[in-house]
**Student:** 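I'd like to ask you about the structure that follows.
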Amino acid sequence: MSEGLNKAQQEAVSHHAGPLVVIAGPGSGKTRVMTQRIADMVHSGIAPGSILAITFTNKAAEEMLRRTMQLLSIPELDSFHGNGFFGSAALGLEEDRPVLRTFHSFCARLLRRHAHRLEPYTSQFSIYDSVDQKQLVTEVMKQLQLDRTAFPPRASMSTISQWKNQMVSPEIAIDQAATFRDRELGKLYGRYQELLEERDAADFDDLLLLVVRLLTEHPDVLERLQERFQYVMIDEFQDTNRPQYLIAKLLSQSHSNICVTGDPDQSIYSWRGASPDNFNRFREDFPQHQVVTLEQNYRSTPQILEVASRLAGSEFGHRELFTENADGNAVRVQQLHDERTESRRVCDHVESWLSEGVSSDQIAVLYRVNSLSRAIEEEFVRRRLQYAVVGGMSFYERKEIKDILGYLRAARSSRDDVALQRIFNTPARGIGKVSLERFQDAAISNGRTMGEHLRRSDCTEGIKGKAKKGIDHLREVLEKLEDRLSGGLADLVEQAIEASGYISHLERSEPENWQEREQNLQELVAAAAETEEILDLARQQPLQRHEDNEDDFDPLTIFLERIALVADADSQEELKEKVSLMTLHAAKGLEFEKVIIIGVEETLIPHSRHGEVEGIDEEKRLLYVGVTRAMEELVLTHSSWRRRFQEREPRLPSSFLSELEGTSIEFDRSPSRSGHTSPTVWDEESAHDSEEDDGLHPGAWVQHELLGRGRVNTVQGYGSSRRITVRFENGEERQLVVAYAPLTPISPPDEEWEAC
DNA sequence: CCTACTTGTTTTTTT
DNA sequence: AACAAGTAGG
């Protein structure tokens, strides 16, 4: 069963009871150990359903479940696994299998079951994502008359979040405020929290905090959970924050069967309240613990590890990384002119790897900030290379999606005013600012939420004409939806789109790309249909139900919860045959044969706005995490110029790179063909040169596989949504999506030319 | 009193 | 670019 494990791995796998700390360096086979350990426990007679494993991301949870199931030879629950909206663990039918969840999804499910014991909350509570959160903060700021420029909503949100992660209540925050500013923020925090409760809503931080409250205030609930989950595992322990640690500790207090795994050197979430100090806390709280350290690296070549050790060696951890892997190519550092040349270089690498037979999904491009993906995407599209952006702006954060979901939420809960306000006059129905304010005031003076107020017949008192009509119409739409809440989910979503008149609203407000947005709404319907199907399937499963697991929530609740918490779960299928593009943070826990890290520059990889607390060390660990993702080959790039907003800025190589001098790294500082080394001698010629040369600009000629030759009229957008209009020789004019159209640029006469 | 248009701001990382 | 706030026009 556990053949092929080294001594330390063996030790971790066969340790079942009592507290255990596994310190696992990058590539040391941690996931393998975790899954083997679960399998080993089950084989020794421990009930699978009594094992709870908490991971950091949904992707990790899914992967771990998949591998565990394989080891246990339990068949996959459903055939839908491939398209990813659901992993099999999603539905709480796991009585006969281990429970594998993220902290947040585990907590959400727990709260659904017990919310009625937490004062104003109900099991219908809404989960507010960052978009909802921002809306609420902005609303409160208006109430408190705080100036947006002095208190940027985003910054306020992050302050509030930090307080929550430190478990500082509004009262204490106000109490400890040293400045006027802090006091105002404390008030903001307090009011924000009041409104959340009033709205039966929890933000991401609340999911954790409410569970802490639940477990401490209701010992009976805690006791039942401790009985149910006799074995607890926490992955990526260095990235747990205070509430998460408390939850883990509470759950395992009675039996002490808790295993935590992680690596302090890979701690990259301190800005979110996470602290590797939890390892020390753990050691104190569970004094009988054993420690296993996994040091041997099975992932990377010695060349890559040499770079990693350099980064790790100086400031943080002191553990040695070693490998018995064979030598590989030298790690390369390459300086380029600007993001265009950088993108081209990246694609050159990718193309040459592909031609060597490397599969696309074994290649990753990593960057510090999401905005860097843009230039890379453009070049990938130009060269028709398949790629997938992991993370970034999620599908469910798009405006049109949030709007339709707003209808569903407002219909489902009369307390979810953030949702209601979002759709109050979208599509425009004649309710302006003034009428909205009147309506709000009326609701407040009656001690109701807007949703509750709307559901009363006297709600339009004092409002007349178009606005009154609009409000009446909105109520009718919501009533129609309410009637269908218990029906089919896909049908409900379709009704929301239909009854709100959203499509014609799109056509009016966005003549440019309404079709694309409508397409997105179609996908939302499809996702709803899929959810419905899986729920039906799940309910037919003849599982004996655990008494604690009556997860018979309505499909809509489950749908919305999945959307809020699992939106990032890209399925294996979607990533297949594609090069991955993602942030360094998102790359944690993953591995690829070939890795390119772009933008290794001052102000980016030590980011200019790094947190004060952990500061530059955390930035270095972040690079360390990126570097250690690579198995065979690693390329770091930085460019001399980078475009930000409208301007071009000169860039310096990251100071971390200078620490790598003297290793076997191959430095390539002769930038692109034109031979300009320093930003200062960079000139017009190369500026022009880097602007346009994919042959897709107005006036250029293209060859279409089916439609023949034509001339480009207009170009809009970028990346995968880049579209052009082309007038073909037969006189027809067509709009085409560059990413999908079989187009080749040609020169006006007839001779073909290829992009680099 | 509402809508459509113009202007200024915005990007660190995520559940 | 995408989004909020501010302004002119209906």
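Reminder, nothing fancy here: chain letters follow the sequence lines and each chain counts from 1. The shown structure was predicted, so the numbers you read here are calculated from the model rather than taken from an experiment. Basis for what follows: all heavy atoms, side chains included, without hydrogens, waters or symmetry-related copies.
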**Student:** Between Ser371(A) and Ile431(A), which is nearer to the 5' end of DNA chain B once each is assigned its nearest nucleotide?
**Tutor:** Ile431(A)
**Student:** Check this one for me: any side-chain N or O of Arg609(A) less than 4.0 Å away from OP1 or OP2 of dT12(B)?
**Tutor:** yes
**Student:** Output yes if the stacking criterion (under 5.5 Å between centres, under 30° between planes) is met for Phe204(A) over the base of dT14(B), else no.
**Tutor:** no
**Student:** Would you tell me if any nitrogen or oxygen in the side chain of Arg148(A) comes within less than 4.0 Å of OP1 or OP2 on dA5(C)?
**Tutor:** yes
**Student:** Reckon Asn370(A) has a side-chain N or O less than 4.0 Å from the OP1 or OP2 of dT11(B)?
**Tutor:** no
**Student:** State, with a plain yes or no, whether a side-chain heavy atom of Arg429(A) is found less than 4.5 Å away from one of His473(A).
**Tutor:** yes
**Student:** Decide, applying a 5.5 Å centre-distance limit and a 30° plane-angle limit (both strict), whether His607(A) stacks on dT12(B).
**Tutor:** yes
**Student:** So, OP1 or OP2 of dT14(B): does either fall under 4.0 Å of a side-chain N or O from Thr583(A)?
**Tutor:** yes
**Student:** Are Thr57(A) and dT15(B) close enough that a side-chain N or O sits under 4.0 Å from OP1 or OP2?
**Tutor:** no
**Student:** Quick one: does Arg368(A) reach the base of dT13(B) with a side-chain donor-acceptor pair under 3.5 Å?
**Tutor:** yes
**Student:** What's the CZ-P distance between Arg644(A) and dA1(C), to the nearest Å?
**Tutor:** 16 Å
**Student:** Under 4.0 Å from OP1 or OP2 of dT15(B): is there any side-chain N or O of Asn241(A) that close?
**Tutor:** no
**Student:** Taking for each residue the nucleotide of DNA chain B bearing the nearest heavy atom, is the 5' side occupied by Val369(A) or by Thr102(A)?
**Tutor:** Val369(A)
**Student:** Determine, for Arg422(A) against Asp132(A), whether the closest basic-nitrogen to carboxylate-oxygen distance falls under 4.0 angstrom.
**Tutor:** no
**Student:** Taking any heavy-atom pair under 4.0 Å as a contact, classify Phe103(A): base, sugar-phosphate, or nothing.
**Tutor:** nothing
**Student:** May I ask you to say whether Arg629(A) pairs ionically with Glu591(A), meaning some side-chain N is under 4.0 Å from a carboxylate O?
**Tutor:** no
**Student:** Of all the nucleotides listed (dT11(B), dC1(B), dT13(B)), which has the minimum atom distance to the side chain of Arg154(A)?
**Tutor:** dT11(B)
**Student:** What about the rings of Phe204(A) and Tyr128(A), do their centers lie closer together than 6.0 Å?
**Tutor:** no
**Student:** Could you check whether Ser130(A) gets within reach of a base, just the sugar-phosphate, or nothing at all, counting any heavy atom under 4.0 Å?
**Tutor:** nothing
**Student:** Do Glu236(A) and Gln266(A) have side-chain atoms, one donor and one acceptor, less than 3.5 Å apart?
**Tutor:** no
**Student:** Could you tell me whether the phosphate oxygens of dC1(B), OP1 or OP2, come under 4.0 Å of any side-chain nitrogen or oxygen in Arg438(A)?
**Tutor:** yes
**Student:** Using a cut-off of strictly less than 4.0 Å, decide whether Asn425(A) has a side-chain nitrogen or oxygen near OP1 or OP2 of dT3(B).
**Tutor:** yes
